Amino acid sequence: MVIKKEVIKREIAGDTILVPVGAAVYDSNGLYALNELGAFIWDMLPDVSGAEEICERVVAEYDVSPKEAMDDINEFLDTLGKLGII
Amino acid sequence: MIRRTSEPQFSTYFHSRGRALGLPIAGNFELTARCNFNCPMCYIHHSKEQIAASGRKELTAEQWLGIAESAKNNGMIFALLTGGEPLLREDFFEIYGGMKKMGLMISINTNGSLLKGEILERFLKDPPFRFNISLYGGCNETYERMCGRPVYELVKENIRTLKNAGVEVSLNLSVTPYNCGDLERIYKDAEELDVGVKMTTYMYPPVRIKGDGCEANDRLSAHDAAKYTVMWDKLRLTDEMFAQRAENMAKCISDEPLSCPMEEGEGVRCRAGSSSFWMTWDGKMLPCGLMTEPAAYPLEVGFDNAWKTIREKTAEIRMPSKCAACGYKDICGVCAAVCSAETGAFDAVPEYVCEKICETVRITQEYCSERNL
Ligand code: SF4
Ligand code: SF4
């Protein structure tokens with residue numbers, strides 16, 4: 001998947017944040033905070049083609065059903081899309 | 001799974017984490033002592049000649065980036081680039097770009113006069129999180145008197161361009177005998193530009209240049225500082241808000257005796273030295289730029305050791321015991337830096353500040369009762 005907005009991932013004392021750079025600063029007015037699952041998915045985004053592939057990896061890593069995982073993933077990708085990040 | 005978070009929430013959150021865990025969440029980098037203005041109340045400005053004569057040197061871009069990298073590895077998220085006038089550095093964008101690549105949220109303190117042409121173009125492509133622009137007056141004549149450069153209209157135009165492009169701008173206004181006549185005009189212009197203004201009538205004695213503090217400088221008397229503080233409140237607050245402010249002030253006044261001789265003074269209450277640090281232009285780490293000590297030298301001892309020293313020494317600082325028991329302590333603006341700049345000691349009461357707040361409260365209440373607010 002293609003990350004459109006320039007953001008830099010940082011880990012600070014157990015928190016994961018995305019700091020916008022370049023033109024991405026204009027529409028963020030702040031930063032983005034990721035929870036653990038969000039950070040896990042974020043790291044794989046450049047290597048995966050879509051939600052299904054993400055789901056396979058999430059189910060392999062976490063104790064969660066494919067259906068539950070898919071709901072969360074779709075919501076996450078939807079939010080990233082709305083924020084213009086992917 | 002993802003949350004957009006804006007200031008001040010994330011700033012407060014990370015600073016409280018930083019304080020608890022001893023992380024330098026914010027770093028302030030005084031990139032240069034040089035400035036193209038010459039303001040009488042400035043505590044840092046040195047000319048090129050003064051710098052050469054002092055035997056001290058500005059840090060190189062490489063040194064700044066090295067310190068920033070170490071601070072980032074220790075948890076720094078926020079970096080303030082300040083001066084002097086930081087945009088005077090020929091290698092400014094090398095430092096700025098390098099810090100941006102580290103994933104730092106950068107704010108820039110500037111007088112706004114150089115935010116045009118190629119510099120502006122570069123910022124529009126890659127803006128900082130925020131510009132804090134210092135305003136010195138509300139017309140060219142006042143600018144000339146205060147900073148030796150008649151550039152108010154130019155600065156105003158530069159602010160407008162940034163705002164129109166969608167860049168975050170906030171204004172800082174220091175009120176002095178040179179520009180106190182311009183308050184109304186500045187307020188109106190800021191409203192028209194739709195930019196917030198942080199006004200202060202309190203000027204530090206310039207201890208970092210002149211030595212031990214307590215020297216007269218070009219600041220307002222405590223009574224005049226109070227007068228202009230209230231004048232600004234009248235401009236920016238509705239009658240209702242002003243009356244609320246007077247009521248809150250009244251709650252601070254107590255008939256109880258102010259201090260117990262046994263009571264210990266409080267420690268540093270702000271973020272200085274617990275989740276933020278200041279680097280002077282010549283490489284000294286301080287808890288805050290308005291203190292002269294405790295100091296540490298990251299280029300000599302390494303960032304981690306310098307930060308540890310600053311944290312430990314800051315934790316030992318005690319403010320006056322009288323302030324700990326004073327009802328005004330949350331509204332008078334007292335802090336460790338103010339005490340030491342005014343008196344030469346962290347634990348001595350800054351009388352100028354006491355006089356200013358008493359007069360501010362008196363005029364505020366007088367105004368309310370005259371108008372039955
Ligand atoms: S500086 Fe003066 S007014 Fe402020 S807390 Fe201390 S004693 Fe009270
Ligand atoms: S000036 Fe005072 S309140 Fe501000 S950072 Fe320094 S010590 Fe803290």
Side-chain angles (χ1 to χ4, degrees), chain A residues 1 3 5-45 51 54-55 57-58 61-62 64 68-86, chain B residues 1-26 69 71-79 96-108 121-131 162-170 275:
Chain A
M1 299 182 83
I3 295 169
K5 245 184 204 172
E6 250 191 292
V7 288
I8 295 178
K9 183 180 154 215
R10 299 269 322 267
E11 272 159 42
I12 293 138
D15 286 299
T16 306
I17 54 171
L18 300 176
V19 179
V21 282
V25 173
Y26 283 112
D27 32 33
S28 70
N29 187 27
L31 45 76
Y32 307 102
L34 295 176
N35 70 9
E36 190 194 327
L37 182 58
F40 178 72
I41 298 175
W42 177 263
D43 287 339
M44 70 176 86
L45 282 181
I54 297 173
C55 188
R57 297 197 194 186
V58 168
E61 182 73 21
Y62 292 92
V64 61
E68 274 174 313
M70 205 56 183
D71 286 349
D72 284 349
I73 291 162
N74 282 332
E75 192 192 322
F76 182 53
L77 295 180
D78 192 44
T79 313
L80 288 179
K82 281 191 188 134
L83 292 171
I85 295 175
I86 55 169
Chain B
M1 269 191 274
I2 182 165
R3 208 160 31 87
R4 182 166 24 193
T5 154
S6 62
E7 235 198 349
Q9 287 117 290
F10 64 76
S11 176
T12 308
Y13 171 74
F14 281 116
H15 274 286
S16 70
R17 299 270 291 151
R19 204 181 173 105
L21 300 171
L23 311 177
I25 295 298
E69 180 77 32
K72 183 209 89 173
N73 293 339
N74 276 274
M76 180 168 72
I77 307 172
F78 305 102
Y96 176 69
M99 288 198 187
K100 277 231 142 174
K101 283 201 194 105
M102 294 177 198
L104 299 173
M105 300 197 68
I106 298 178
S107 303
I108 298 173
E121 290 305 314
R122 295 182 77 163
F123 278 129
L124 292 182
K125 282 198 196 104
D126 187 11
F129 173 55
R130 181 190 301 120
F131 280 108
L162 290 173
K163 279 296 288 181
N164 288 346
V167 178
E168 271 298 302
V169 179
S170 92
S275 63

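Keep in mind it's a predicted model, so treat the numbers as computed, not measured. Just so it is clear, the values below take in all heavy atoms, side chains as well, and ignore hydrogens, waters and symmetry mates. Proteins get letters first, then strands, A, B, ... in listed order; numbering begins at 1 in each.
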Under 4.5 Å from any heavy atom of chain B, what part of A:Ile73 do you find: side chain, backbone, both or neither?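 For A:Ile73, backbone heavy atoms alone lie under 4.5 Å from chain B.
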If you look at every heavy atom in [X] and [Y], which pair is closest and at what distance?
X	Y	answer
A:Ile12	B:Ile25	CG2-CD1, 4.4 Å
B:Pro127	A:Gly22	CD-O, 3.5 Å
B:Phe10	A:Gly30	CE2-CA, 3.8 Å
A:Ala13	B:Leu23	CB-CD1, 3.7 Å

Of B:Lys72, B:Gln9, B:Met102, B:Glu168, the largest count of non-hydrogen pairs under 4.5 angstrom with chain A goes to B:Lys72
Under 3.5 Å, is there a donor-acceptor pair between the side chain of A:Arg10 and the main chain of B:Met76? yes
Donor-acceptor contact present, side-chain A:Tyr26 to main-chain B:Leu124, <3.5 Å: yes
Heavy-atom pairs under 4.5 Å with chain B - which of [options] has more of them than the others?
options	answer
A:Ala39, A:Gly38, A:Ala33, A:Ala24	A:Ala33
A:Ile8, A:Asn35, A:Val21, A:Val7	A:Asn35
A:Thr79, A:Leu34, A:Leu31, A:Val19	A:Leu31

Side chains of B:Arg17 and A:Asp15: closer than 4.5 Å at any heavy-atom pair? yes
What do the steps show when you test A:Val25 against B:Lys100 for side chain to side chain contact (heavy atoms under 4.5 Å, CB included), and what is the final call? CA-CA 11 Å; A:Val25 173; B:Lys100 277 231 142 174; 3.7 Å; yes
Hey, could you give me the CD1/CG distance between B:Ile2 and A:Leu83, rounded to the nearest 0.5 Å?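 The distance works out to 5.5 Å.
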Give a yes or no on this: more than 12 heavy atoms of other residues, nucleotides or ligands lie within 6.0 Å of atom NZ of B:Lys101. no
